[in-house]
Amino acid sequence: MNSFMQTFSFLIQQMWIFAVPLLIVALGGMFSERSGVVNIALEGIMVIGAFCAIFFINTLQNVMSGQGLLLLAILISIAAGMLFSLPHAYASIRLRSDQTISGTALNMAAPALAIYIARMAQSNHVQQVQFNNTFRIRAVPYLADIPVIGPLLFQNTYITTFIGFAILAAAWVVLYKTRFGLRLRACGEHPQAADSVGVNVYKIRYAGVLISGALAGLGGLVFVIPTSTDFNATVSGYGFLAVAVLIFGQWKPMRIFVAALFFSIMKTLASAYSGIPFLKSLPIPSDIYKMIPYIMTLIVLAFSSRSSHAPRASGVPYDKGER
Amino acid sequence: MKKITRILSAPAFASVMSSLAAIAVGLLFGFFILLVSNPSQAFAGIWTIMKGGFSDGFKGIGNVLYYATPLIMTGLSVGFAFKTGLFNIGAPGQLIVGAFVGIWTAVNCAFVPQPILWVVCFIAAMLAGAVWGAIPGLFKALFNVHEVIACIMCNYIGMYLVNFTIKNTNTYDQLKNQTVNIGQAAIPKLGLDKVFYNLKGRYMDISSVNGGILIAVILAIVIYVLLNKTVLGYELRACGFNKDASRYAGIKEKRGIMLSMTVAGALAAGAGALMYLAPASGLHIHVIEVLSAQGFNGIPVALLGLSNPIGIIFSGLFVAYITQGGYYLQRLNYMSEIIDIIIAVIIYFSAFALMMKQVMAGLVSAKK
């Protein structure tokens with residue numbers, strides 16, 4: 001029983017490592033799309049957010065360490081993400097251009113910029129930016145001793161996990177319980193109607209894209225910290241997976257959370273199956289296990305996509321003159 | 001004068017002009033980066049980028065054609081889907097599935113006479129890609145699953161499936177953890193190597209160009225005709241413009257989605273086959289868990305070519321040309337990543353350019 005519990009809590013701890021960045025970035029995408037702007041650039045923004053923050057850690061890690069440094073890095077990643085999402089906002093809101101175009105441009109520029117700057121700025125001229133992981137929390141005081149929940153949530157964890165939960169709660173409140181959220185949703189469904197009652201569609205959409213930039217930048221950092229000790233100008237397609245989670249979650253915060261959890265559980269089982277005696281005894285090769293998260297997602301989607309709840313005006317530029 | 005006005009007001013002319021303007025802005029931006037990173041060589045650097053494939057004589061041009069081949073094919077794949085209102089982000093999966101089936105056929109169908117073996121491999125690859133592309137199409141048409149998410153899932157499934165199959169078939173070179181050589185199935189060079197080479201003394205320094213580029217161009221023309229001169233193409237494009245209106249007009253929208261993704265998948269797979277069946281390229285599929293970057297490159301090429309098959313030929317050539325420039329740029333101690341930045345800026349400004357096009361059209365008609 002004890003060893004079962006140990007395996008189980010290990011798997012759950014692993015699962016958060018996959019789930020939290022997906023959750024944060026998909027929630028970011030939600031704010032952008034609910035305001036009416038498709039944001040395919042999440043991948044690129046993640047790369048830039050992670051790059052700036054890791055570079056910051058790399059520079060300061062001889063002076064600082066631990067949670068203080070991580071919190072500063074988080075602020076950097078948010079700022080970098082917002083800044084990098086600005087061109088996308090400008091092109092798709094002010095210039096009313098096709099939103100896949102500027103998104104693709106950002107996705108293409110991001111890794112190139114990260115590599116270019118890393119090689120120019122680092123004394124060893126390599127593209128990897130190395131960092132020391134001093135951020136893991138072995139056990140949260142007091143909370144870690146709670147039976148069952150303690151090991152699942154409060155041991156071997158990162159402060160970013162709790163930030164992820166906080167963002168989820170905040171996203172739900174902002175979207176459904178505030179005036180801003182109502183306006184945001186209106187701009188994504190029927191911008192003309194929103195405009196006719198005095199909502200500034202352009203401003204709201206800027207806010208939506210900037211929030212998505214902030215969260216995607218943060219998500220990039222959250223993804224890199226637990227999974228690596230250097231940043232190599234990539235977030236392994238997690239930005240695109242976040243887009244998938246966003247659609248899977250039907251553009252709604254709680255459903256996005258469920259989608260992120262579902263995908264992460266599958267992914268954890270696929271990567272840690274050899275630690276589970278029952279799964280290890282099955283004659284299934286590892287490559288097949290690795291396919292399962294993606295196949296399962298497709299199957300679940302096939303059953304759950306009958307009625308799509310995409311924001312109606314998402315991807316449609318708003319032209320004030322066309323009212 | 002009348003003739004000039006007619007040319008100026010033609011939409012194709014406006015498209016070309018706006019693309020050129022975007023390229024100019026991109027190069028300017030690249031020059032700025034060069035200037036910031038190392039001012040003393042910035043002029044030499046931007047000159048190298050602009051000379052692109054011409055920096056290395058005929059061999060350079062040949063290599064541009066070689067690198068342009070898969071770019072044109074994936075560009076066609078993405079562009080074709082765009083024209084029919086679908087975003088095919090699944091090219092990485094389709095490409096690798098096609099590449100693997102091409103290689104598998106090359107290894108296992110050696111009984112086919114050598115001159116047509118590569119044709120068989122190429123067709124097998126395209127069929128496999130058609131199936132792989134049809135899957136997201138099927139999910140979209142039957143279950144209303146967004147094609148972007150289905151494509152992303154199929155990318156990963158395809159990659160793992162190919163890794164798994166390579167390891168469990170006779171196409172696996174365990175020592176190098178990659179696919180084996182393709183043997184007799186290489187695409188013929190069709191005399192192109194006799195054109196694009198540099199003479200070094202008595203030694204012919206040939207480029208990697210092969211018949212693949214001709215296939216890519218022919219397929220681009222075929223897709224152009226299919227889209228613009230056939231009823232089917234008209235129906236597919238109508239779905240892209242307004243799917244509700246086309247359904248109302250009696251066009252079978254679901255069949256269109258499936259068909260469009262099938263063709264897009266076949267084209268991306270063709271890119272994979274042309275890459276890995278290229279003669280003496282030394283390319284093998286490595287068994288690694290990374291999605292094929294070449295597959296994603298189709299998106300910028302399609303956008304730059306405004307999804308027009310003929311435009312995509314030129315945008316593919318351009319991207320290959322400037323990428324070659326980036327390769328030579330390393331001689332000046334600049335990083336070749338600057339090329340990706342320039343291309344990104346060009347794509348970004350092509351969004352502006354579309355607006356400029358409307359402004360220009362307005363100016364010309366105002367003059368009348």
task = Applying side chain to side chain contact (heavy atoms under 4.5 Å, CB included), run through B:Met153 and A:Leu241 and close with a yes or a no.
result = CA-CA 8 Å; B:Met153 297 300 139; A:Leu241 282 178; 4.1 Å; yes

query = Of all heavy-atom pairs between A:Ala244 and B:Ile149, which one has the smallest distance, and what is that distance?
reply =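 Closest pair (atom of A:Ala244, atom of B:Ile149, distance): O-CD1, 3.0 Å.
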
ask   = Partners of B:Arg331 by side-chain hydrogen bond (donor to acceptor under 3.5 Å, both in side chains), sequence neighbours excluded?
value =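 B:Arg331 satisfies side-chain hydrogen bond (donor to acceptor under 3.5 Å, both in side chains) with no other residue.
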
request  = Taking side-chain hydrogen bond (donor to acceptor under 3.5 Å, both in side chains) as the test, write out the residues that go with A:Gln99, two or more places apart.
outcome  =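 Residues passing side-chain hydrogen bond (donor to acceptor under 3.5 Å, both in side chains) with A:Gln99: none at all.
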
[X] versus chain A, the contacting section by heavy-atom distance below 4.5 Å:
{"X": "B:Phe164", "value": "both"}
{"X": "B:Ile152", "value": "side chain"}
{"X": "B:Ile89", "value": "side chain"}
{"X": "B:Leu303", "value": "side chain"}

task = Could you list which of residues 21-37 of chain A have a heavy atom closer than 4.5 Å to any heavy atom of chain B, in residue-number order?
result =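 The list, in residue order, is empty: none.
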
task = Name, in order of residue number, those residues of residues 106-118 of chain A that have a heavy atom at a distance of less than 4.5 Å from a heavy atom in chain B; otherwise write 'none'.
result =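 Only A:Met108, A:Ala109, A:Ala112, A:Leu113, A:Ile115, A:Tyr116 of residues 106-118 of chain A have a heavy atom under 4.5 Å from chain B.
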
What part of [X] gets within 4.5 angstrom of chain B, counting heavy atoms only: side chain, backbone, both, or neither?
{"X": "A:Phe248", "value": "both"}
{"X": "A:Ser92", "value": "neither"}
{"X": "A:Leu246", "value": "neither"}

key: B:Tyr348 side chain to A:Pro87 backbone, donor-acceptor under 3.5 Å   =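 Yes, the answer is positive, given that a donor and an acceptor are paired below the 3.5 Å cut-off.
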
query = Do other residues, nucleotides or ligands put more than 12 heavy atoms under 6.0 Å from the OH atom of B:Tyr327?
reply =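 Atom OH in B:Tyr327 is not packed in, count stays at 12 or less.
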
Spatial distance of atom OH (B:Tyr334) from atom CE (A:Met120) [nearest 0.5 Å] =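 Reported value, rounded in 0.5 Å steps: 8.0 Å.
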
A:His125 NE2 to B:Met335 CE distance, which is reported to the nearest 0.5 Å =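 If I round to the nearest 0.5 Å, the distance is 8.0 Å.
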
task = Determine the sole option in A:Ile295, A:Thr297, A:Ile292 for which the side-chain contact (heavy atoms from CB on, under 4.5 Å) test with B:Ile157 is passed.
result =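 Only one of A:Ile295, A:Thr297, A:Ile292 forms a side-chain contact (heavy atoms from CB on, under 4.5 Å) with B:Ile157, namely A:Ile295.
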
